[in-house]
Amino acid sequence: MRYARDLFDDFPDPDVFLWNAIIRCHSRHNLFRDALGLYSKMQLLWVSPDSFTFTCVLKACSALPSLEMGRRVQCQILRRGFDSDVFVQNGLVTFYAKCGEIELANKVFWRLSERTIVTWTSMISGYVQNGQPLEALRVYGQMRKTNMKPEWITFVSVLKACGQVGSIDLAKWMDEYIASSEFKDAVVVNTALIDMYAKCGSINLSRDVFNRTKDKDVVMWSAMIAAYAVHGEGQEAIDLFKAMRKAGVPPNDVTFVSLLSACKHSGLVEDGWKLFHCMSEYSIQPRHQHYACVVDLLGRAGYLDRAYEFIRNMPMEPGLSIWGALLTACKIHQHVPLGELAAERLFSLDPYSTGHHVQLSNIYASARMWDRVSKLRVLMKEKGLSKDLGYSSIEINGKLQVFQVGDKSHPRFKEIFEELESLERRLKEAGFSIDAESVLHDLDHEETEETLCNHSERIAIAYGLISTPPGTTLRIIKNLRACVNCHAAIKLISKVENREIVVRDANRFHHFKDGNCSCGDYW
DNA sequence: GTAGGGTTAG
């Protein structure tokens, strides 16, 4: 790289081809700011950029990302008449999507007179990256209507969208479709399939894909380990890691993040601790993320002091995820002093995050320190923090239903609320208090994120109960942060109503049947 | 010599 730059600098009067080459060279080495600097310099020297220059520069703007710089580049593109060049326009779609400006990406996309498979794939993956999987699938549907032939990258984005939606029926349909295509043995596509099935709740189908794929690479092994992690099957993840070593595939840093996260969800503290310390055997430097996993691992298991000690001995400055993990642990184990310490660090690192305030508030509430709860509420109001609305979704007969707190938009909402009341009655009779969180609610008529989630979750459960006959599987998919009481309630419902209930909370699955839950974790 | 991509997780 250095050598290339020296050569370039020695050139008396580089033309646009040379400028393009050196800009691309910097981009390839992740030196995006330098690439953009060179682009500015080139303009100062009156060298006219061409379509190659613009695609490279847009890529650098996307990678940073820098919305402001990209917009300036777009002005140049218009001024110089490159607004019909399909490469440049594809770069623009990607650029806006990577900056989170998905509407602008969409605008550029539909204005184009010509769309290649890359354009379509850029738009689909743009929606996926911005967490809008249904839009991504819609665009894919539109693409199919034009008889455009998908490439393997297109499938990867579509599979990711399916995983985000969480519908197992959709997942199976895509799998069958791909099986009939020329990409059925592609390792990258199969890796995306493994990930998709895991996110749709079926670890067995993930494993089927894994088993049938030859020449597995490190990414595929890691994806399968991550799949076990998300399903709370820590021992399986560790066994797979052993098999991976036996197969002679060296792990990478991502493999270890998945492994450590598998351990922490299964309470395998000592295994996780050993794995963390054996990373150097593979010449992998633990990153901040690995440290965060260990803090989580120790913290969830209740070793709060050990976790704090570990943080203090870290070779790098502990960031958001470290203190966040400690705060979560303090919430689980109701440790007020350490929770306050973690929250203090979080507030200074990220003063305007609602989540951290809510978590600390919940720690206080669980310790019944109501005065501190109110003080915190005042602080939140002063900072102007708004609440994030929690929502839940539920899949019934392949159809996805989304509920938000207090949602009355559903045509059968009256029935739903009645079912909810009857549900609470039945639970109370059985000795469960599902409404513990509403103590907080009653305190000052303001709901925390958590009570909001619980509320929509309960609506979702009620809806599932009135829509499905006993004996069927109920899948509650998104964003559920079921508290201990809700967990107990779902257990009971699975028994009383003879239903299998699959719940996905923030990061893993829980299968409820006959009053039992197969993913234990800390509950 | 240009564009889209698989595993990390609250």
Side-chain angles (χ1 to χ4, degrees), chain A residues 16-25 27-28 49-59 62 82 85-95 97-98 105 109 115-126 128-129 150-160 163 183 186-196 198-199 206 209-210 213 216-230 244 251-262 264-265 287-290 292-293 296 320-321 324-325 327-328 331 353 355-356 359 388 449 479 481 505-508:
Chain A
V16 63
F17 298 100
L18 264 176
W19 278 103
N20 289 347
I22 196 71
I23 289 174
R24 204 177 48 248
C25 211
S27 258
R28 283 218 181 118
D50 62 7
S51 62
F52 290 85
T53 324
F54 284 127
T55 42
C56 289
V57 169
L58 281 173
K59 198 169 189 166
S62 314
F82 285 101
D85 184 287
V86 73
F87 283 87
V88 175
Q89 295 304 313
N90 289 346
L92 266 179
V93 172
T94 309
F95 159 70
K98 290 245 159 85
F109 179 81
R115 292 178 203 95
T116 64
I117 182 60
V118 179
T119 328
W120 285 101
T121 309
S122 302
M123 198 61 236
I124 294 168
S125 77
V128 172
Q129 282 156 20
E151 284 187 12
W152 63 270
I153 300 184
T154 323
F155 282 128
V156 165
S157 288
V158 173
L159 293 177
K160 225 174 173 154
F183 306 113
V187 179
V188 179
V189 175
N190 282 356
T191 304
L193 276 172
I194 290 173
D195 183 49
M196 172 189 73
K199 293 203 165 112
S206 289
V209 178
F210 181 80
T213 310
K216 306 181 226 319
D217 64 3
V218 58
V219 183
M220 179 169 271
W221 283 95
S222 306
M224 195 60 228
I225 291 173
Y228 282 125
V230 95
M244 179 182 177
N252 63 17
D253 57 334
V254 178
T255 319
F256 277 97
V257 176
S258 303
L259 271 171
L260 292 172
S261 114
K264 79 188 188 201
H265 287 318
R287 286 184 291 114
H288 190 267
Q289 211 168 8
H290 298 99
C293 281
D296 213 326
L320 280 172
S321 45
L327 185 64
T328 304
K331 196 195 158 240
S353 153
H356 303 145
Q359 257 187 320
D388 296 322
E449 196 184 347
N479 259 8
R481 296 173 204 193
D505 80 355
N507 50 12
R508 64 207 170 282

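No hydrogens, no waters, no symmetry mates; every other heavy atom, side chains included, goes into these values. Chain letters run A, B, ... following the sequence lines, proteins first, then strands; residues in each count from 1.
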Ring-face cation contact, A:Phe95 with A:Lys59, 6.0 Å cut, 45° max: no
Sugar-phosphate, base or nothing in reach of A:Phe17, heavy atoms under 4.0 Å: base
Worked verdict on A:Lys98 versus A:Thr94 for side chain to side chain contact (heavy atoms under 4.5 Å, CB included): CA-CA 6 Å; A:Lys98 290 245 159 85; A:Thr94 309; 3.9 Å; yes
Basic-acidic side-chain contact under 4.0 Å: A:Lys160, A:Asp195: no
Any side-chain heavy-atom pair of A:Thr191 and A:Met224 under 4.5 Å: no
Contact state string [nucleotides 2-7 of chain B, B base, S sugar-phosphate only, - no protein heavy atom under 4.0 Å]: BBBBBB
Interatomic distance where [atom1] belongs to [X] and [atom2] belongs to [N] [whole Å]:
X: A:Lys331; N: B:dG10; atom1: NZ; atom2: C1'; answer: 12 Å
X: A:Leu18; N: B:dG1; atom1: CG; atom2: P; answer: 14 Å
X: A:Leu320; N: B:dA9; atom1: CG; atom2: P; answer: 17 Å

Stepwise side-chain hydrogen bond (donor to acceptor under 3.5 Å, both in side chains) check, A:Thr119 with A:Ser122: CA-CA 5 Å; A:Thr119 328; A:Ser122 302; over 6 Å; no
Check: A:Leu193 main-chain N/O paired with A:Asn190 side-chain donor or acceptor under 3.5 Å: no
Residue-phosphate contact under 4.0 Å: A:His265 side-chain N/O, B:dG10 OP1/OP2: yes
